[in-house]
Asker: 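Here's a structure for you.
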Amino acid sequence: MKIRYVNQGVFTSLDHIEDTLTPPEEGFYWIDADVDDLAILQPLFHMHDLAVEDCLSDEEQRPKLEIYESHYFIVVNSIRFDDEEIFLRAVNVFLGRHYIITVTKQKVNELRTLKPILWEQEVNSPDRFLYLLIDSIVDNYFTVGDRLEARIEKLEEDILMHTKKSHLNEIIGLRSEILWLKKGLGPQKEVINTLNKKDLRLIDDQLQKYFSDIYENAVKISETFDTYRDLMGNLREAYQSSISNRANEIMRVFTAITTVFMPLTLITGIYGMNFKNMPELDYQYSYFIVIGIIAALGITMYLIFRKKDWI
């Protein structure tokens with residue numbers, strides 16, 4: 001657990017959690033904790049049992065805003081894209097009048113990258129901290145969206161150039177991830193919209209209007225994911241069409257080869273019959289003549305098929 005006193009964006013580390021119970025004359029306290037610290041924090045800040053239970057739960061939490069007497073409990077999902085896999089990590093926030101407590105199970109990059117922004121903007125209130133945190137989380141969805149788009153484009157190029165069976169699994173997996181993200185983004189938009197429109201005493205009225213910009217960004221991201229979902233459908237059709245064209249190409253080659261050998265098989269079949277009275281059998285050069293006819297016929301048919309681009 002890291003305890004910081006923030007005044008005009010300047011951080012001062014504190015050693016004792018009890019120091020944060022008294023509101024400072026200026027600034028606020030930021031407590032960056034993990035779930036194990038809740039046993040200490042809950043009685044000190046009168047955290048609601050249901051909110052603490054949500055933080056401790058192993059199940060994926062739906063983004064939400066819950067209003068209690070002395071604080072708000074807010075859950076938003078941070079997104080991360082590592083090694084071609086997408087992760088959603090819950091950021092649990094307890095917002096009070098003079099403090100903000102962030103509780104996470106894993107490291108969240110937005111909390112780390114937020115520090116220079118707080119210093120640059122000389123942040124002096126916990127509600128402003130909340131705004132910048134959610135804004136940073138939503139902006140990161142755009143970054144992940146760009147990486148998804150690049151991955152879709154590369155997959156499309158691979159399918160067009162050289163289709164593989166593994167491409168179908170990639171299409172299905174990527175489409176499932178996009179639908180999963182789209183599903184999780186819906187309730188997150190609702191939370192941001194509530195922060196924008198609902199009368200909330202712990203958030204400054206002027207600051208509350210800025211949440212509308214974050215909401216618009218969340219809507220854009222949701223629409224972008226809809227586009228990606230449609231693109232995955234087009235990719236699947238392109239894959240099936242490519243596989244079908246490839247099969248037709250193979251069948252065309254096999255058909256052409258079979259057609260070339262049909263007259264050759266006919267000739268060898270005729271002279272393979274065991275009749276005694278076949279004039280050509282007694283001729284000295286019959287073998288070479290028949291082989292020459294077979295070779296000439298096969299080469300001629302091959303050249304004709306090549307000219308017509310059948311093989």
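Since the model is a prediction, treat every value here as computed from it, not as a measurement.
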Asker: For Gly298 versus Leu264, what's the shortest heavy-atom pair and its separation?
Answerer: N-CD2, 4.1 Å
Asker: Which atom names give the shortest non-hydrogen contact between Glu110 and Ile79, and what distance separates them?
Answerer: OE2-O, 4.1 Å
Asker: Please give me the minimum heavy-atom distance between Ala218 and Ile192, naming the atom from each residue.
Answerer: CB-CD1, 4.3 Å
Asker: Is Met301 close to Ile304 at the side-chain level, that is, under 4.5 Å between some pair of heavy atoms?
Answerer: no
Asker: Step through the shown structure and confirm whether more than 12 heavy atoms of other residues, nucleotides or ligands are within 6.0 Å of CZ on Phe87.
Answerer: yes
Asker: Is it the case that atom CD in Glu53 sees more than 12 heavy atoms from other parts of the structure closer than 6.0 Å?
Answerer: no
Asker: Is any side-chain heavy atom of Tyr5 closer than 4.5 Å to a side-chain heavy atom of Phe28?
Answerer: no
Asker: What's the verdict on side-chain hydrogen bond (donor to acceptor under 3.5 Å, both in side chains) for Gln106 and Arg80, showing C-alpha distance, side-chain angles and the deciding distance?
Answerer: CA-CA 11 Å; Gln106 302 94 4; Arg80 187 170 179 178; over 6 Å; no
Asker: Can you see whether Asn196 engages Gln208 through a side-chain donor-acceptor pair at a distance of less than 3.5 angstrom?
Answerer: no
Asker: Can a salt bridge be assigned to the pair Glu177 and Arg151 using a cut-off of 4.0 Å between side-chain N and carboxylate O?
Answerer: yes
Asker: Nearest 0.5 Å please: distance from the CG atom of Leu133 over to the CD1 atom of Ile100.
Answerer: 6.5 Å
Asker: Could you label the plane-to-plane angle of the Phe211 and Tyr131 rings as parallel, tilted or perpendicular, counting under 30° as parallel and over 60° as perpendicular?
Answerer: perpendicular
Asker: Side chains of Thr113 and Ser136: does their closest heavy-atom pair fall under 4.5 Å?
Answerer: yes
Asker: Kindly check if the number of other-residue, nucleotide or ligand heavy atoms within 6.0 Å of OH (Tyr210) is above 12?
Answerer: no
Asker: Could you state the interatomic distance from CG (Asp139) to CD1 (Ile134), rounded to the nearest 0.5 Å?
Answerer: 12.0 Å
Asker: What are the two closest non-hydrogen atoms of Phe11 and Arg4, and how far apart are they?
Answerer: CD2-CD, 3.3 Å
Asker: Mind checking the OG1-CE spacing from Thr265 to Met262? Nearest 0.5 Å is all I need.
Answerer: 8.0 Å
Asker: What is the distance from atom CD of Glu190 to atom CZ of Arg62, rounded to the nearest 0.5 Å?
Answerer: 5.5 Å
Asker: Surrounding CD of Glu157 (heavy atoms of other residues, nucleotides or ligands, distance under 6.0 Å), is the total greater than 12?
Answerer: no
Asker: Roughly how far, to the nearest 0.5 Å, is CG of Leu200 from CG of Leu65?
Answerer: 6.0 Å
Asker: Is any side-chain heavy atom of Met1 closer than 4.5 Å to one of Asp34?
Answerer: no
Asker: Does the side chain of Tyr215 come within less than 4.5 Å of Val138's, by heavy atoms?
Answerer: no
Asker: Return yes when atom CZ of Phe142 has more than 12 non-hydrogen atoms of other residues, nucleotides or ligands closer than 6.0 Å, and no otherwise.
Answerer: yes
Asker: Answer whether the closest heavy-atom distance between the side chains of Leu181 and Leu88 falls below 4.5 Å.
Answerer: yes
Asker: Show the nearest heavy-atom pair for residues Ser78 and Val108, with the distance to one decimal.
Answerer: OG-CG1, 3.6 Å
Asker: Taking atom NZ as the centre, does Lys107 end up with more than 12 heavy-atom neighbours from other residues, nucleotides or ligands that are less than 6.0 angstrom away?
Answerer: no
Asker: Output side-chain donor-acceptor pairs under 3.5 Å for residues 90-99, partner residues at least two apart or in another chain, one line each.
Answerer:
residue : atom : partner : partner atom : Å
Asn92   : ND2  : Val103  : O            : 3.1
Arg97   : NH1  : Arg201  : O            : 3.2
His98   : NE2  : Thr20   : O            : 2.9

Asker: Do side-chain atoms of His16 reach the backbone of Glu18 as a donor and acceptor pair under 3.5 angstrom?
Answerer: no
Asker: Output the distance between atom CZ (Arg175) and atom CG (Leu231), rounded to the nearest 0.5 Å.
Answerer: 11.5 Å
Asker: Locate the shortest heavy-atom distance separating Asp54 from Phe73; write the atom from each residue and the value.
Answerer: OD2-CE2, 3.9 Å
